Colleague: 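Questions regarding the structure given below will be posed in turn.
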There are 2 protein chains.
Amino acid sequence: MTGRSTSSNLADHAYEAVRDAIADGTLSPGDRISEYKTADWLKISRTPAREGLLRLQAEGLLANHPRRGLVVASIDNEALKEIFVAREVMERAIAGQAARNASGPEMDQLIALTDREAGLVEDRDAMIRHNRAFHGMIRSCAHNRYLMKFTNTLEDIVAADRRGTSLVDIARRHAVIGEHRALAEAIAARDAGKAEDLAAHHIRQSYAARLKLKLPES
Amino acid sequence: MTGRSTSSNLADHAYEAVRDAIADGTLSPGDRISEYKTADWLKISRTPAREGLLRLQAEGLLANHPRRGLVVASIDNEALKEIFVAREVMERAIAGQAARNASGPEMDQLIALTDREAGLVEDRDAMIRHNRAFHGMIRSCAHNRYLMKFTNTLEDIVAADRRGTSLVDIARRHAVIGEHRALAEAIAARDAGKAEDLAAHHIRQSYAARLKLKLPES
DNA sequence: TAGGTTCAAATGGCATACCATATCGCGGTA
DNA sequence: TACCGCGATATGGTATGCCATTTGAACCTA
């Protein structure tokens with residue numbers, strides 16, 4: 001998942017620290033990032049810092065601006081479109097697989113998450129965290145580590161974009177809660193076809209809501 | 001792509017060398033791999049060797065056996081199933097996108113590739129190389145860098161498996177040529193729906209053919 | 001004042017050194 | 001002969017040093 005795991009080694013620590021800094025806006029797209037500054041910030045040496053940054057680069061969160069070092073990746077509208085196309089097909093498949101493969105306890109946990117969500121509609125940050133946890137749970141239920149990893153990566157990239165999540169809009173938050181509930185119920189009912197359609201629709205709605213924010217090109 | 005690009009830095013060189021060694025069977029699943037041996041083999045120092053290996057690990061080609069270092073990843077039947085589920089949904093989407101987005105020259109090149117393929121049916125290794133080039137071309141045509149990267153990674157993982165490709169069977173090679181031709185023609189005709197179905201079918205056939213090889217669990 | 005030149009600081013890439021730990025073999029002892 | 005313990009070796013993790021390149025800016029000159 002994307003959780004704050006207690007990193008056992010310093011490279012993981014660097015990876016998580018920088019990733020989280022990007023996710024929460026401490027670092028913005030276009031910001032330059034150097035091995036030195038990162039190492040100094042985290043009180044570690046350059047080597048593990050470099051390893052963490054290389055990993056972020058491999059995942060697409062950082063871009064190697066040819067002769068100027070690493071920068072937080074800016075995603076243009078074309079890349080955003082590609083990401084949402086990819087997310088739609090993968091989240092659709094994940095929802096179907098979750099409906100087929102989730103264990104009883106997993107489904108219980110998924111339902112419990114949706115029950116909790118309604119109470120969070122007023123709290124934007126809590127909703128954002130909960131949204132990630134919810135989708136993470138579905139990916140878990142699908143029992144497909146590859147689709148899980150890929151979608152997690154794409155979610156991180158999207159979160160890094162300064163246009164942020166569509167959840168800043170409270171109307172969208174209300175809508176999301178309904179979409180989540182319907183999706184969770186379809187999965188719990190083991191209705192794979194319905195779950196797939198609802199998941200795809202959910203991702204499309206998310207993309208549409210984000211485009212409506214109408215923020216300038218990165 | 002997976003091409004033998006002239007790596008500009010040593011870490012990339014290490015990455016490519018080890019990846020290719022895995023792909024061509026020089027290294028087999030379960031084989032231990034150390035930073036030291038890799039560095040010595042390639043006449044570089046541990047640092048870039050380590051970076052290349054870490055990248056391979058992040059992609060899933062190497063596994064970090066807890067107390068024994070890195071080993072070439074063994075994929076069990078469950079993982080193979082997950083991979084093919086993921087490949088099916090992504091290759092399906094890629095085929096559809098290719099039918100919609102491919103430029104004229106790209107389609108010409110795709111058709112040219114299929115024309116060349118028929119003459120290769122007797123040459124197993126040439127077919128294997130051509131198969132990768134063909135799928136790489138379709139991924140290119142789709143103009144979706146994320147789906148392209150993910151499917152390339154999965155293809156590398158599958159290639160690493162010692163059970164190898166189903167293309168070792170000449171009957172399968174004949175079938176593949178037909179499936180490729182049909183798929184390329186659907187894309188060239190911009191029939192996205194048909195291309196999607198053909199691509200999904202192709203992946204399922206590939207999985208079925210591989211299972212029929214009935215080789216022991218890794 | 002504008003433009004060019006030069007030099008210092010920053011940065012990435014690579015090599016190497018150091019340390020802790022784990023593995024494996026060798027030898028001694030019961 | 002079998003088992004136990006100790007030490008050499010292998011290995012990963014981390015720190016640091018060196019070098020080439022580039023950038024940015026101060027300074028000099030026309």
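Please read these numbers as outputs of a predicted model, since none were measured by experiment. So you know, we letter chains A, B, ... as the sequences are listed, proteins then strands, and number each from 1.
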Colleague: Can you check the A/H13 NE2 to D/dG13 P distance for me, whole Å?
Modeller: 17 Å

Colleague: Pairs in or reaching into residues 71-96 of chain A: which pass ring-ring contact (aromatic ring centres under 6.0 Å, His included), with residues at least two apart or in two chains?
Modeller: A/F84-A/Y207

Colleague: For a quick check, with a 4.0 angstrom heavy-atom cut-off, what is the B/S/- contact string for nucleotides 7-12 of chain D, read 5' to 3'?
Modeller: ----BB

Colleague: With a cut-off of less than 4.0 Å, is there a side-chain N or O of B/T47 near OP1 or OP2 of C/dC14?
Modeller: no

Colleague: CG of A/D40 versus P of C/dT11: gap in Å, rounded?
Modeller: 11 Å

Colleague: Please give, in whole Å, the distance from D/dA15 P to A/E51 CD?
Modeller: 11 Å

Colleague: If we count only N and O atoms by modelled type, under 3.5 Å, do the side chains of A/H202 and A/H135 hold a donor and an acceptor together?
Modeller: yes

Colleague: Quick check: are there more than 12 heavy atoms from other residues, nucleotides or ligands sitting under 6.0 Å from NZ of A/K81?
Modeller: no

Colleague: Figure out the NZ/P separation between B/K43 and C/dC14, and round it to whole Å.
Modeller: 18 Å

Colleague: What is the distance from CG of A/L54 to P of C/dT11, rounded to the nearest Å?
Modeller: 16 Å

Colleague: Just by distance, do the side chain of B/R172 and the backbone of B/R210 share a donor-acceptor pair under 3.5 Å?
Modeller: no

Colleague: Between P on D/dT21 and CG on B/N9, what's the gap in Å once rounded to a whole number?
Modeller: 15 Å

Colleague: Indicate whether the side chain of B/N131 and that of B/H180 have a donor and an acceptor atom separated by less than 3.5 Å.
Modeller: yes

Colleague: Please work out whether the ring planes of B/F150 and B/Y146 are parallel, tilted or perpendicular, with thresholds of 30° and 60°.
Modeller: tilted

